Amino acid sequence: MKKKILSLISLLALTSLASCQPSSPTSSSELSSSSSAPTSISQDSQIVQLLSSLKGKSHTVDTSYNVSVIRTDGAVSVSFTTSYTIEYMYGSEQAYSIQGQTRYSDLVDGQEANSRTSIVPYQAYFKDSETGNAIQEELTIQNVVNTSIASIYDETNGIYDPVIFDNEFKNPWDYIRVDDISKDSNGLYHLDPSKGKFIANCYQVGSSINTIEDVVINVSSTNEITGLSFVIDSLEGDGYSRTNTFSVAYTDIGNTSIKHVKAYNNSNPELESLFNKFKQAKSYTYTKEFIPVDGGSTYYDHVTGYYTQDMVFFHHFDKGHPDSMGREYGDKIYDGGQDYDYKLEKEDDGIYYAYEYNKANDLSPYAWAKVMISSSTQLTYDTFSSIGPQFYNISPALFNKNSDGSYSIVDEFSSTIGQYFDNSFMGVNSDVLSTATTKFKLTLTDEGFIVDTGFIYENQNQDLQFELKAIDSTQLPSYMQAELDNK
């Protein structure tokens, strides 16, 4: 039966959670064959105490899992590392939370290259004590708390089934038994490898892990479990070698607390006034500048968006590459390379049609060409507001005012806030801001604001600055106004 879980949790996480079922121990022949092979001590009171440190107790789990595939057949070698922070809460109510990220990289001479990062934003689920369903709470950008039952869509029967909390968000230590743990002659504790696989499943990585040979349990001086060290076999295939590493660390045992989502009540009347003014704006100027970072990206670019009702024009000012007459494209359409100028013209049907200034081939001159999203469909935008930034939809209550008068964003949106201040037009939009915003600072100006933000791309920091100005007083550059007048 085909099913799909409808929640914010990642597909990888859900696939693994669905397989998080306790399994029977492996035979003794499948255990580590080292010289200090474990010997079962099923009645060891210390093992009972070890289990009790995590069984039915609130705690936090930090995991790091790596898969590296080394190709020997000429194909590209790759690596990805997934890191999660998972919380379990017991007590008056039971809850589970997860957040993390995965970094994907090509491997060139054993070194990571072309890295990109995918974020799993913070998600929390609470157990409904009456139904056993998993309840999810989400804070929207309008500062409204939405509560919903996490559900599974059955594609075969076309129905929604509620997610049962205990089925999807298991604490694996509630299912580990005393005889799943053994102690070797050196005093090290070992977990049965099959239960190590079960734990890996519950921590979101079990579906892609190689054969686990051994799991050493790290123990504190007070006989609490502090972590797990996995010994994982390499996998040799036809033209490739696949290796895994997996580490697990436990903290805040007995003290982890998962808070319910609450709306904020920050009062920011100046922001509210500006957002409302922008929402009604008939024209404005919006700049986006890529700034080189010490020890990070050296990329520079500057784009100014002239937003008017009849035309929106995105213009590159390439300060590092002036034309043959020394101009930096301040008074002419940019024709310096792949960083095109764009325009969106409003037609009689009220729709904005997109064009880019490019060359059809090396022998042809630069000219306006339709931006196509398919062989037969031009890129269009239905409304003026849909082309620009969407920050005005954010509740001002979600911003914290700093001592210097600037504004920061609440933690819930720290990794996603950048997308709302970016241009919506795809030609000058940075998708990475929707998941990997690394910093944010908004400073009000006499005309609007300046936003300092940034992101990580291919393992490098990239800084950005947005500036809003000339609200309701923006005019197109003279050469573009002339184009418009001559239509």
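Everything numeric in this text was worked out from a predicted model, so none of it was measured.
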Subject >> Value rounded to 0.5 Å, distance of CD in E112 from OG in S79 >> reply: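 Between E112 CD and S79 OG, I get 5.0 Å after rounding to 0.5 Å.
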**OP:** Please round to the nearest 0.5 Å and tell me the distance separating atom CZ of F399 and atom CD1 of I409.
**Re:**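 Result: 4.0 Å between the selected atoms.
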Original post:
Taking side chain as C-beta onward, heavy atoms only, is T435 less than 4.5 Å from Q419?
Top reply: no
[X]: what forms a side chain to side chain contact (heavy atoms under 4.5 Å, CB included) with it, not counting sequence neighbours?
{"X": "T256", "result": "S58, T60, E87, D252"}
{"X": "N266", "result": "Y264, N268, N400, V410"}
{"X": "K288", "result": "F290, D422, N423, S430, L464, F466"}
{"X": "D109", "result": "none"}

**OP:** Start with the C-alpha gap between T226 and V219, add the side-chain angles, then the distance that decides, and say whether side-chain contact (heavy atoms from CB on, under 4.5 Å) holds.
**Re:** CA-CA 5 Å; T226 61; V219 181; 5.9 Å; no
Subject >> Test ring-ring contact (aromatic ring centres under 6.0 Å, His included) applied to Y189 - qualifying residues, sequence neighbours left out >> reply: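 Not a single residue meets the ring-ring contact (aromatic ring centres under 6.0 Å, His included) criterion with Y189.
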**OP:** Output all residues satisfying ring-ring contact (aromatic ring centres under 6.0 Å, His included) with F278, sequence neighbours left out; order by chain, then residue number.
**Re:** Y284, F391, Y392
Ring center gap for [X] and [Y] short of 6.0 angstrom:
{"X": "F230", "Y": "F246", "value": "yes"}
{"X": "F165", "Y": "Y125", "value": "no"}
{"X": "F421", "Y": "F440", "value": "yes"}

Original post:
Would E236 and S241 count as having a side-chain donor-acceptor pair, cut-off 3.5 Å?
Top reply: yes
Original post:
For residues D411 and Y122, is any side-chain donor paired with an opposing acceptor at under 3.5 Å?
Top reply: no
Original post:
For K279, what residues pass the salt bridge (charged side-chain N to carboxylate O under 4.0 Å, His left out) criterion, not counting sequence neighbours?
Top reply: none
Subject >> salt bridge (Lys or Arg N to Asp or Glu O under 4.0 Å) contacts in which one or both residues fall within residues 56-65, not counting sequence neighbours >> reply: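 Of all non-adjacent pairs touching residues 56-65, none passes salt bridge (Lys or Arg N to Asp or Glu O under 4.0 Å).
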With [X], which residues qualify under side-chain hydrogen bond (donor to acceptor under 3.5 Å, both in side chains), at least two apart?
{"X": "S424", "answer": "Q390"}
{"X": "D238", "answer": "none"}
{"X": "Q94", "answer": "none"}
{"X": "N461", "answer": "none"}

Original post:
Do the rings of F425 and F314 sit parallel, tilted or perpendicular, given the 30° and 60° boundaries?
Top reply: parallel
Original post:
What orientation do F126 and H260 show, parallel under 30°, tilted 30 to 60°, or perpendicular over 60°?
Top reply: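 Because their plane-to-plane angle is under 30°, the rings of F126 and H260 count as parallel.
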Original post:
Less than 4.0 Å between a side-chain N and a carboxylate O, is that true for D404 and K441?
Top reply: yes
